[in-house]
Each structure stands twice: as structure tokens, then as C-alpha cells.
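These notes concern the structure reproduced below.
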Amino acid sequence: MRVTVAGCGEAFDERLPNTSLLLAANGATFLFDCGYSVPPALWRMVEDPEAIDLIYLSHPHADHYFGLPALLGRMWEDGRTRPLTILTQPVVIEQIRELLETGYRGLAARFQYEIRYLAASAGAEIEAHGAVFRFAATTHPAPNLAVRAECGGKTFCYSGDGMFTQESRKLFAGADLLVHEAFAFETRPGHAGIEGVIEMAGGEGVGRLALAHISRRVRRAEWGRIER
């Protein structure tokens with residue numbers, strides 16, 4: 001299992017692409033979130049339009065799924081024919097269809113590849129492309145599902161956005177790698193705090209923790225404290 005960071009920025013970050021991660025395991029490639037600033041970074045990393053097997057979208061905010069029209073359109077333009085799986089909440093599935101039409105009206109009907117939607121929900125277990133996915137809700141203004149992906153004896157967890165809950169803590173327990181949003185040092189409404197996430201991950205026996213979605217202002221003002 002290998003995780004590559006396409007972006008780790010927050011919603012309005014001028015330096016870092018929105019938080020987005022590529023997971024490669026057992027011959028499959030999974031993309032976790034695709035915000036509006038992500039596609040150029042992905043195109044520099046992944047040239048093959050057939051490479052991504054599944055896209056997971058944590059919640060319906062622009063910095064987590066507005067990159068889809070460009071990403072899917074380029075897959076079509078570059079000749080993709082293999083089906084693509086999109087795994088997300090039912091409410092997001094409907095918004096994706098609207099978004100594709102808003103961005104490039106009529107283009108989705110011309111795709112030479114099928115989009116297969118899988119509906120995620122808290123507590124559900126879904127198997128796709130050799131991986132098992134489980135989900136738990138976090139506390140965020142938009143409904144957000146953290147995800148646990150198990151494949152080849154390894155476990156990767158991604159929070160999406162939001163303060164962790166008892167359910168998401170259980171989801172993260174024992175993960176080899178957890179990527180969790182941490183907007184500032186203290187907890188903010190709808191977001192987790194750096195120190196709290198570190199404490200939580202230690203308590204749940206997480207092997208390795210990576211912090212993402214840190215406020216651009218916090219990075220500038222307190223980078224030394226973040227490193228410590």
C-alpha cells in the first residue's frame with residue numbers, strides 16, 4: 001500500500017492544492033477527494049487516463065469535489081474506456097450529476113466510459129476493487145464521512161473534514177496511516193484541532209498520523225510550533 005499526496009491544503013489556500021490523496025494497493029488506484037484546485041496536480045502525477053479505479057468523495061464542499069468536471073473531462077479527452085467507480089454519499093451522487101452538467105453541459109453523455117456510483121453511509125461496509133471500505137460520520141457543516149480502507153493486510157484512514165466523533169475514533173483504531181484534517185491548534189466549529197488529533201491518534205493506536213487542511217494563516221504564523 002502506498003499513499004501519495006496530491007494536495008494537503010485547505011479551502012482557500014493559494015499555495016497548496018486542496019486535500020487529495022492517491023492510494024495504490026494490490027494493483028488498484030484510489031483517489032480520495034478532488035477539490036477545484038486538485039486536477040493540475042493530479043495530471044502531473046498520473047498521465048494514464050485509465051489509472052484511477054475509484055474516487056472517494058467525503059462530502060459536498062467545493063474544495064473536495066469541484067475538481068471532478070475537469071478530471072473526468074480530461075479522462076474522456078485522453079481516451080478512457082474503462083469504467084470508473086465513484087464512492088460517496090447519495091446526496092453527493094446527485095450533486096455530481098448536476099455539477100458535470102453545469103461545468104460542461106452534455107459532455108457526460110459523450111463519455112466513452114461508464115461511471116458506476118456506489119452509495120456510502122455511516123456504519124456501512126463496501127468492497128470494491130480489492131479493498132474493503134467502512135465509514136463514520138464526523139462533525140462538520142456539510143455531512144461528512146470519514147473512511148477506512150483495508151487492502152492487502154494494510155489499513156488507511158482519511159477523515160475528510162470535521163471534528164472526530166466516537167464513531168470515527170473507532171473507525172481509525174489501529175490504522176497503519178491516518179490522514180486527518182486539523183485546521184488550527186484548537187478545535188474550531190466543524191473542524192478538528194492539531195493537538196486534539198495527535199492525542200486522539202495516539203489513544204487509538206494509529207501507526208502513523210499525517211495532518212492536512214491546516215489553516216494557511218496558522219502555517220504562516222506558527223510553523224515552528226507545528227513542527228514541534
Side-chain angles (χ1 to χ4, degrees), residues 1-78 80 82 84-88 92 96 99-100 103 113 115 120 128-131 133 138 140 142 144-149 151 154-162 175-183 191-192 197 208-216 219 226:
M1 180 180 282
R2 180 177 180 86
V3 175
T4 305
V5 178
C8 61
E10 38 103 326
F12 310 120
D13 204 314
E14 79 281 6
R15 296 184 180 180
L16 301 174
N18 307 138
T19 300
S20 180
L21 306 144
L22 280 167
L23 172 72
N26 284 358
T29 300
F30 309 96
L31 175 65
F32 293 81
D33 277 343
C34 185
Y36 57 83
S37 63
V38 168
L42 281 175
W43 295 329
R44 289 190 291 269
M45 295 166 59
V46 181
E47 295 183 2
D48 183 0
E50 308 276 9
I52 296 173
D53 296 281
L54 178 146
I55 300 173
Y56 176 72
L57 302 173
S58 60
H59 66 289
H61 272 164
D63 56 313
H64 291 264
Y65 84 121
F66 267 27
L68 276 184
L71 183 66
L72 302 188
R74 178 153 166 164
M75 286 180 178
W76 163 77
E77 189 176 75
D78 287 349
R80 183 180 180 113
R82 201 161 59 85
L84 174 68
T85 303
I86 296 181
L87 173 62
T88 190
V92 185
I96 289 169
L99 181 65
L100 291 175
Y113 61 94
I115 298 177
H129 300 283
F133 299 89
T138 68
H140 193 57
N144 177 88
L145 290 181
V147 61
R148 179 185 182 99
C151 188
K154 297 289 185 181
T155 300
F156 166 71
C157 290
Y158 169 55
S159 69
D161 279 357
D176 294 290
L177 171 64
L178 166 62
V179 177
H180 203 292
E181 73 105 300
F183 192 72
H191 287 285
V197 171
R208 181 171 290 182
L209 170 67
L211 301 179
H213 204 279
I214 297 173
S215 163
R216 63 195 184 279
R219 288 202 320 270
I226 291 171

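- No side-chain donor-acceptor contact under 3.5 Å links His191 and Asp161.
- Nearest heavy atoms, Asp33 versus Gly160: OD2-CA, 4.5 Å.
- Contact detail for Gly35 and Pro39: the closest heavy-atom pair is O-CD, 3.4 Å.
- Cation-pi geometry between Arg80 and Tyr113 is met: under 6.0 angstrom from the ring centre, within 45 degrees of the axis.
- The main-chain N or O of Ile214 is never found under 3.5 Å from a side-chain atom of Glu181 such that the two would form a donor-acceptor pair.
- At most 12 non-hydrogen atoms from other residues, nucleotides or ligands lie less than 6.0 angstrom from CZ of Arg208.
- Annotation for Glu14: atom CD counts as buried by contact number, over 12 foreign heavy atoms lying within 6.0 Å.
- The closest donor-acceptor contact from the side chain of Arg148 to the backbone of Cys157 lies at 3.5 Å or more, if one exists at all.
- The main-chain N or O of Phe66 is never found under 3.5 Å from a side-chain atom of Asn18 such that the two would form a donor-acceptor pair.
- Counting only heavy atoms from C-beta outward, the side chains of Leu84 and Leu72 approach each other to under 4.5 Å.
- If you run ring pair (Phe, Tyr, Trp, His ring centres under 6.0 Å) between Phe30 and each of Tyr158, Phe133, Phe156, only Phe133 comes through.
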- Apply the test side-chain hydrogen bond (donor to acceptor under 3.5 Å, both in side chains) to residues Thr29 and Asp53: give CA-CA distance (whole Å), side-chain angles for both, the deciding distance (0.1 Å), then the verdict. CA-CA 5 Å; Thr29 300; Asp53 296 281; 4.5 Å; no

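- Residues Cys151 and Gly130 share a closest heavy-atom pair of SG-O, 3.4 Å.
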- Apply the test side chain to side chain contact (heavy atoms under 4.5 Å, CB included) to residues Leu31 and Leu42: give CA-CA distance (whole Å), side-chain angles for both, the deciding distance (0.1 Å), then the verdict. CA-CA 10 Å; Leu31 175 65; Leu42 281 175; 3.7 Å; yes

- Given Leu211 and Ile226, is the side chain to side chain contact (heavy atoms under 4.5 Å, CB included) satisfied, shown in steps? CA-CA 10 Å; Leu211 301 179; Ile226 291 171; 5.7 Å; no

- Message: Please determine whether side chain to side chain contact (heavy atoms under 4.5 Å, CB included) holds for the pair Glu47 and Asp78, giving the CA-CA distance in whole Å, both sets of side-chain angles, and the decisive distance to 0.1 Å.
- Response: CA-CA 9 Å; Glu47 295 183 2; Asp78 287 349; over 6 Å; no

- Message: Please determine whether ring-ring contact (aromatic ring centres under 6.0 Å, His included) holds for the pair His61 and His140, giving the CA-CA distance in whole Å, both sets of side-chain angles, and the decisive distance to 0.1 Å.
- Response: CA-CA 11 Å; His61 272 164; His140 193 57; 5.1 Å; yes

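- Between the Asp176 side chain and the Lys154 main chain, no donor and acceptor come within less than 3.5 Å of each other.
- Listed for the Thr155 side chain is no donor-acceptor partner under 3.5 Å among the backbone atoms of Ala175.
- Nearest approach of Leu100 to Pro69, heavy atoms of both residues: CD2-CA, 3.7 Å.
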